[in-house]
Amino acid sequence: MKRFNPAYSFLYILWIVLFVIAPLVLIVYQSFFDISGHLTLANYQAYFGSGTYLKMTLNSIWYALLITLLTLLISYPTAYWLNQTKNKQLWLLLIILPTWINLLLKAYAFIGILSQNGSVNHFLTFVGIGPQQLLFTNTSFIFVAAYIEIPFMILPIFNAIDELSPSFVNASRDLGATNWQTFSRVIFPLTINGVKAGVQAVFIPSLSLFMLTRLIGGNKVITLGTAIEEHFLVTQNWGMGSTIGVVLIVAMVIIMFVTGERRKKGRKGE
């Protein structure tokens with residue numbers, strides 16, 4: 001048996017303290033100061049007492065929900081199909097490859113594709129429909145965000161389906177279940193943990209998107225991430241920006257709790 005090296009534990013704890021706990025503490029600490037540096041609760045009062053901030057919060061949740069649902073509708077059938085293919089690891093690699101490209105480069109690529117002189121409008125003109133305003137719309141923002149997040153939804157679902165024992169599916173079909181009954185009562189319930197992990201990986205980042213709201217949404221889509229960027233880089237009100245960050249962190253924790261795996265306690269005597 002290999003002896004445990006305490007140095008590994010020390011490095012891990014040091015990393016967590018410096019890059020996870022310390023930033024969170026600083027954000028919470030900064031949220032109690034106004035723009036003049038005075039200790040106050042005015043930031044939280046302004047946030048929860050402002051209809052603008054509350055509407056912004058609802059918009060962030062709504063757009064994150066739409067992006068997550070669209071991503072899930074595309075990713076689950078794709079992950080299921082990948083598991084049925086012969087070279088599934090190769091296909092999975094091709095799906096993951098776009099995540100290696102910088103997000104800014106992908107955003108600018110879509111600007112070129114969806115712009116008035118882009119390839120999509122060229123095709124629409126060719127078929128007789130004519131150019132359309134595709135860029136700087138809510139639809140384009142949701143579409144591009146879903147495209148970027150799809151690999152993060154596919155991967156956990158793919159792993160969950162890959163780990164599913166074929167004996168459960170065969171037993172269901174031997175007992176006379178239809179394909180839909182097999183999917184809804186056997187496959188999906190047994191792979192729900194992969195779906196939950198995918199929802200976490202997509203919904204949580206979607207709450208704080210700000211680059212795509214500017215480049216693709218044209219600032220027509222306002223989210224919490226956009227507000228944080230404005231307060232830190234434009235108005236220089238770090239206290240209010242930190243307050244919104246704290247609210248965003250709390251929302252993320254709630255999502256992780258709701259979608260987290262719950263272990264059922266065994267009955268006594270087992």
Side-chain angles (χ1 to χ4, degrees), residues 20-36 38-73 103-104 107 135-150 152-153 195-260:
V20 178
I21 298 177
L24 291 178
V25 172
L26 287 174
I27 290 176
V28 174
Y29 174 78
Q30 188 66 42
S31 68
F32 292 104
F33 290 87
D34 59 17
I35 195 171
S36 301
H38 299 136
L39 187 64
T40 179
L41 292 175
N43 292 328
Y44 288 96
Q45 294 173 352
Y47 181 88
F48 291 104
S50 171
T52 302
Y53 284 121
L54 295 179
K55 182 180 179 180
M56 190 184 305
T57 304
L58 292 177
N59 281 341
S60 298
I61 296 174
W62 174 243
Y63 283 117
L65 181 62
L66 289 178
I67 293 169
T68 304
L69 287 177
L70 179 60
T71 306
L72 178 60
L73 289 175
L103 176 60
L104 187 61
L135 199 60
F136 305 143
T137 62
N138 295 347
T139 303
S140 63
F141 166 71
I142 294 173
F143 171 77
V144 175
Y147 163 79
I148 292 173
E149 300 287 358
I150 277 178
F152 303 103
M153 178 72 78
V195 174
K196 290 180 178 180
V199 169
Q200 288 182 1
V202 172
F203 189 91
I204 292 177
S206 298
L207 280 174
S208 56
L209 289 174
F210 69 90
M211 184 186 299
L212 293 182
T213 59
R214 294 192 179 280
L215 298 178
I216 305 299
N219 279 339
K220 294 181 180 179
V221 179
I222 306 298
T223 63
L224 292 178
T226 308
I228 293 173
E229 182 200 21
E230 286 284 340
H231 282 300
F232 272 97
L233 301 181
V234 180
T235 66
Q236 296 294 310
N237 189 351
W238 291 15
M240 195 64 209
S242 298
T243 300
I244 301 174
V246 170
V247 174
L248 189 59
I249 291 171
V250 172
M252 292 177 178
V253 171
I254 293 174
I255 295 302
M256 292 180 65
F257 175 78
V258 172
T259 59

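In what follows, residues are counted from 1 in the order of the sequence shown. Basis for what follows: all heavy atoms, side chains included, without hydrogens, waters or symmetry-related copies.
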> Which atom pair, heavy atoms only, marks the closest approach of Ala145 to Leu209?
Replying inline: CB-CD1, 4.0 Å
> How about Ile148 and Leu103: do any of their side-chain heavy atoms sit closer than 4.5 Å?
Replying inline: yes
> Does Asn237 use its side chain to pair, donor to acceptor, with the backbone of Asp34 at less than 3.5 Å?
Replying inline: no
> Does atom OH of Tyr44 have more than 12 heavy-atom neighbours from other groups under 6.0 Å away?
Replying inline: yes
>> We want to know whether Thr226 and Thr213 form a side-chain donor-acceptor pair, criterion being a heavy-atom distance below 3.5 angstrom.
In response: yes
>> Are Leu215 and Leu104 packed together at the side-chain level, in the sense that at least one heavy-atom pair is separated by less than 4.5 angstrom?
In response: yes
> Which atom names give the shortest non-hydrogen contact between Ile27 and Ser242, and what distance separates them?
Replying inline: O-CB, 3.3 Å
> side-chain contact (heavy atoms from CB on, under 4.5 Å) with Leu66: which residues, sequence neighbours excluded?
Replying inline: Trp62, Ile142
> How long is the span from the CG atom in Asn43 to the CD1 atom in Ile35, to the nearest 0.5 Å?
Replying inline: 9.5 Å
>> Quick one, Phe136 with Ile216, criterion side chain to side chain contact (heavy atoms under 4.5 Å, CB included). Give me CA distance, side-chain angles, the key distance, then yes/no.
In response: CA-CA 5 Å; Phe136 305 143; Ile216 305 299; over 6 Å; no
> From Leu41 CG over to Phe48 CZ, what is the distance, rounded to the nearest 0.5 angstrom?
Replying inline: 11.5 Å
> Do the non-hydrogen side-chain atoms of Phe32 and Thr40 ever get within less than 4.5 Å of each other?
Replying inline: no
>> Is there a side-chain contact between Thr71 and Phe152 in this structure, where contact means two heavy atoms from C-beta onward sitting under 4.5 Å apart?
In response: no
> What's the spacing between Glu230 CD and Ile228 CD1 if we round to 0.5 Å?
Replying inline: 11.5 Å
>> Can you give me the closest heavy-atom contact between Met153 and Val195, atom names plus distance?
In response: SD-O, 4.4 Å
>> Could you measure the distance from the OG1 atom of Thr243 to the CG atom of Leu248? Nearest 0.5 Å is fine.
In response: 12.5 Å
> Can you name the nearest heavy-atom pair linking Ala107 to Leu212, along with the distance?
Replying inline: CB-CD2, 3.9 Å
>> How long is the straight-line distance from CD1 of Ile67 back to OH of Tyr147, given to the nearest 0.5 Å?
In response: 15.0 Å
>> Going by side-chain contact (heavy atoms from CB on, under 4.5 Å), name the residues that satisfy it together with Leu73, two or more places apart in sequence or in a different chain.
In response: none
> Taking only residues two or more places apart in sequence or in another chain, which ones pass side-chain contact (heavy atoms from CB on, under 4.5 Å) with Thr57?
Replying inline: Tyr47, Ile61, Leu224
> Would the number of heavy atoms belonging to other residues, nucleotides or ligands and lying under 6.0 Å from CZ of Phe143 be above 12?
Replying inline: no
> If you take all heavy atoms of Ala146 and Leu70, which pair is closest and at what distance?
Replying inline: CB-CD2, 3.6 Å
>> Checking Thr68 against Glu149 for the side chain to side chain contact (heavy atoms under 4.5 Å, CB included) test, could you report, in this order, the C-alpha distance in whole Å, the side-chain angles of both residues, the deciding distance, and whether it holds?
In response: CA-CA 8 Å; Thr68 304; Glu149 300 287 358; over 6 Å; no
>> Testing the basics here: between Ile244 and Ala227, what is the closest heavy-atom pair and its distance to 0.1 Å?
In response: CD1-CB, 3.8 Å
>> Quick one: does any side-chain atom of Ser50 pair with a main-chain N or O of Thr52 as donor and acceptor, under 3.5 Å?
In response: yes
